[in-house]
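Below is one structure; the comments refer to it alone.
A, B, ... follow the sequence lines: proteins, then strands. Residue 1 opens every chain. The shown structure was predicted, so the numbers you read here are calculated from the model rather than taken from an experiment.
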Amino acid sequence: MSKSARWDSKDESKHLPIYQHKHNLIQAVKNSTFLVVTGETGSGKTTQLPQYLHEAGFCKKGNIGITQPRRVAAITVAQRVAQEMQCTLGREVGYQVRFDDCTSQDTVVKYMTDGCLLREILADPGLSQYSVVILDEVHERSLNTDILLGLLKKLFSSPAKASKGRSRPLKVVVMSATLETDKLSAFLGNCPVFTIPGRTFPVTCMFGTAVGPKDTESTGYVKEVVKMALDVHSSEMFRACDLLFEKAEAIDYRYDVQDQTVEGLLILPLYGSMPTDQQRQIFQPPPPGIRKCVVATNIAATSLTINGIKYIIDSGFVKQLNHNSRVGMDILEVVPISKSEAQQRAGRAGRTSAGKCFRIYTKEFWEKCMPEYTVPEIQRTSLTAVVLTLKCLGIHDVIRFPYLDSPEERFILEALKQLFQFDAIDRRGRVTQLGELMVEFPLHPGLTRAVLKAASLSCQDMLLPVAAMLSVENIFIRPGHPDKQKEADKIHRALAAKSGGMNDFATLLTVFQLCKSSDRPSEWCRQNWIHWRALKSAFSVETQLREILLRLQQRDFPVETFDGNKGELFRQCLCTGYFTNVARRSVGKVFCTMDGHGSMVQIHPSSSLFDQEAELNWVIFHDVLVTSRVYIRTVCPIRYDWVKDLLPKLHEVDVYELSSVAREEVTDEEMMKWETREAAKRQPEVSAEDVMKKLEKRNNEATVSDARARYLQRKQQRQQNKAL
DNA sequence: GAGCACTGC
């Protein structure tokens, strides 16, 4: 980087909208504990505020920490700021993300992912090395950021804790897009809100006619989006401009579009397995006389910046993975987006000039079907790991933790139940010794439980790779071409056969080992239709897990002896973590889960156990996915004997007692309310009020997805009955 | 006889 370029970037920052507020911003941070800073993208708040605070002397007694929900953002922003501050990245300015710690003793301005700061809090609850903590992109409502918000709020509810070990009180800045800033301020004790004007151009939004209030589960939206793209292309005057439409499965359609030979229309679908050179093309300006059209999933909403987008086509839908605690399953479903999400999509057209947004849905759909805000992740995800983290931080009352938006109580109770089943907490909800070990692993607690069991029996070499393989994206490639597909399937079956042919977990272990010991691992992957990129990250994860385990084994670590059949050791370890995911075959290909829900499930066709059902009785599985049917994926047959002693644990749980530690740290008044509510729940009689509440609830989205899950189960049952 | 958003430790 030449000297003049450095000065340019420094100079440029003076033209950012935030620059004229520099003095007032510094004062605002000095004047109060919490501050909400709001401003649209392009205001410069992420790169400039930490520099202003650094200049103002906030790093003299403590560091400035800035969180981001995504790794790439943490890294690129840190690079940018290091450049502006004319220092080497990793010295005064650094970043930390998983697998990549670019900080040193000198680092005073540290960008990191929200998950990393949460880990730091686990080791140092008072965040004693920081003078300022800045949470960025809070409006995205990522799970970790939401938890951090609550933790920071709680830190100041006990002043002794907040000032412990520090000479100057900690300052907290919360940065968010303009939405919901009043709510944030109210949550943080009515703290001041500092607004920075953005630098965006107007976007005109137009409603369509294709999708109305009746289409809450749209199926035809892809076609409509393509039609709209062609309309826009032919009716809007051609200039060198881009077009972005979100959330479309365009791979099947792009040829149709090209067949209609719209001259110069270039469609670039964004796919994970896309070659790197093609990926680069997306960010390049199109050749002269060619209009670029980018088809994107919702990755474009947050993770991608493509310059010069002028038109947006908004399908109005998103594919979302929702956890449903009532049926104990994750459901991947297509749902309408929220109004705030639609506004964000539209905003992508106004970054460099005025733009237009074409919505395929009607104004009525907007009004009747689209919620104001997206349901935050904390309300639609499994909370098992989060609850364990909170408990390990000494927050026993996880129900009345200060959530910006509280998850439903049954989500929390389900998490407590699971933690009890994995021996992470005791009957009264207190963290066990095992739980203290478990929280150290960046894995689902069930998987962690299996790893710890294996480690206590000195066979971690079998479980660590499996845990790593299950925490990265799917490693098996399934090509679209029928011939290639057959070839890939054949090779994958052969890999399964090498592992005994009856255990999907063992297949993962085999793939891991074969690739790792290969001389040319990337070539091995190519030949075996395995994602090299995914496997590489599995290698990193395995190394990380192994390091954590080694560190924990220096401490007081359980040692057990195994007196069973050695060949069954692997599967018995798995049972310790997966006995909650146990199913027994009922009729034909249908299995019935034994977790209390008694759901009817089938083995996914990608499993090596598919079509072998007749030989099976009891199985454990890694996950359930509801699509056209209710499928279990990554399956392993087990003996009833191995889970017999564990199964009662599934039913003997008393959630009331599990959440009882709560009572030790709350006021009598709060306790009274809590007990009254609990007592009411135990009442078998139904009051009129209850009926009303139930009716109200029926309109909730959660209930809609419940109904969908039940519907799919019934449908599957019917298909099964027909087959018999 | 299948899927098919996206993050994060």
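- Phosphate contact (OP1/OP2 of B/dT7, side-chain N/O of A/Arg141, threshold under 4.0 Å): absent.
- Taking atom CD of residue A/Gln344 and atom P of nucleotide B/dC6, one finds them 16 Å apart after rounding to whole Å.
- Rounded to whole Å, the distance from OH on A/Tyr95 to C1' on B/dG8 is 16 Å.
- Rounded to an integer number of Å, the gap from NE2 of A/His323 to C1' of B/dA5 is 18 Å.
- For A/Lys453, the side chain to side chain donor-acceptor pair (under 3.5 Å) partners are A/Glu560, not counting sequence neighbours.
- Judged by atom type and distance alone, A/Asn322 does not reach the base of B/dA5 through any side-chain donor-acceptor pair under 3.5 Å.
- Comparing B/dC9, B/dT7, B/dA2 by their closest approach to the side chain of A/Tyr631 singles out B/dA2.
- Applying the side chain to side chain donor-acceptor pair (under 3.5 Å) criterion to A/Arg98, with sequence neighbours excluded, gives A/Gln544.
- Set against B/dG3, B/dT7, B/dA5, the side chain of A/His604 has B/dG3 as its closest nucleotide.
- Checked by atom type and distance alone, the side chain of A/Thr67 never pairs as donor or acceptor with a backbone atom of A/Asp114 at under 3.5 Å.
- Both A/Phe441 and A/Arg380 sit near DNA chain B, but only A/Arg380 has its closest nucleotide nearer the 5' end.
- With distances taken from any side-chain atom of A/Pro442 to the nucleotides B/dC9, B/dA2, B/dT7, the minimum falls on B/dC9.
- A donor-acceptor pair under 3.5 Å is absent between the side-chain atoms of A/Gln602 and the main chain of A/Lys589, judged by distance alone.
- Applying the ring pair (Phe, Tyr, Trp, His ring centres under 6.0 Å) criterion to A/His444, with sequence neighbours excluded, gives no partner residue.
- What separates CG of A/Leu443 from P of B/dT7 is a distance of 19 Å, to the nearest Å.
- In this structure, the CG atom of A/Asp100 is 13 Å from the P atom of B/dG8, given to the nearest Å.
- Side-chain atoms of A/Arg98 lie closest to B/dC9 of the nucleotides B/dT7, B/dA5, B/dC9.
- When the P atom of B/dG1 is taken as reference, atom CG of A/Asp611 falls 8 Å away, rounded to whole Å.
- A/Asp405 has a carboxylate O that lies under 4.0 Å from a charged side-chain N of A/Arg141, or vice versa, which qualifies the two as a salt bridge.
- Of the candidate nucleotides B/dC4, B/dG8, B/dA2, B/dG8 has the atom lying nearest to any side-chain atom of A/Arg71.
- To the nearest angstrom, P of B/dC4 lies 16 Å from CZ of A/Arg629.
- The side chain of A/Ser606 has B/dA2 as its nearest neighbour among B/dT7, B/dA2, B/dC4.
- Listed by chain and number, the residues in a side chain to side chain donor-acceptor pair (under 3.5 Å) with A/Glu436 amount to none (sequence neighbours excluded).
- Contact annotation for A/Arg478: base contact, defined as any heavy-atom pair under 4.0 Å involving a base atom.
- For A/Leu625, the side-chain atoms get nearest to B/dC4 when compared with the rest of B/dC4, B/dG1, B/dA5.
- When rounded to the nearest whole Å, the span between CZ of A/Phe317 and C1' of B/dC4 equals 16 Å.
- Taken residue by residue, residues 111-127 of chain A places heavy atoms nearer than 4.0 Å to DNA chain B at A/Thr113, A/Gly115, A/Cys116, A/Arg119.
- For residues 534-550 of chain A, the salt bridge (Lys or Arg N to Asp or Glu O under 4.0 Å) pairs, not counting sequence neighbours, are A/Asp461-A/Arg546, A/Glu542-A/Arg546.
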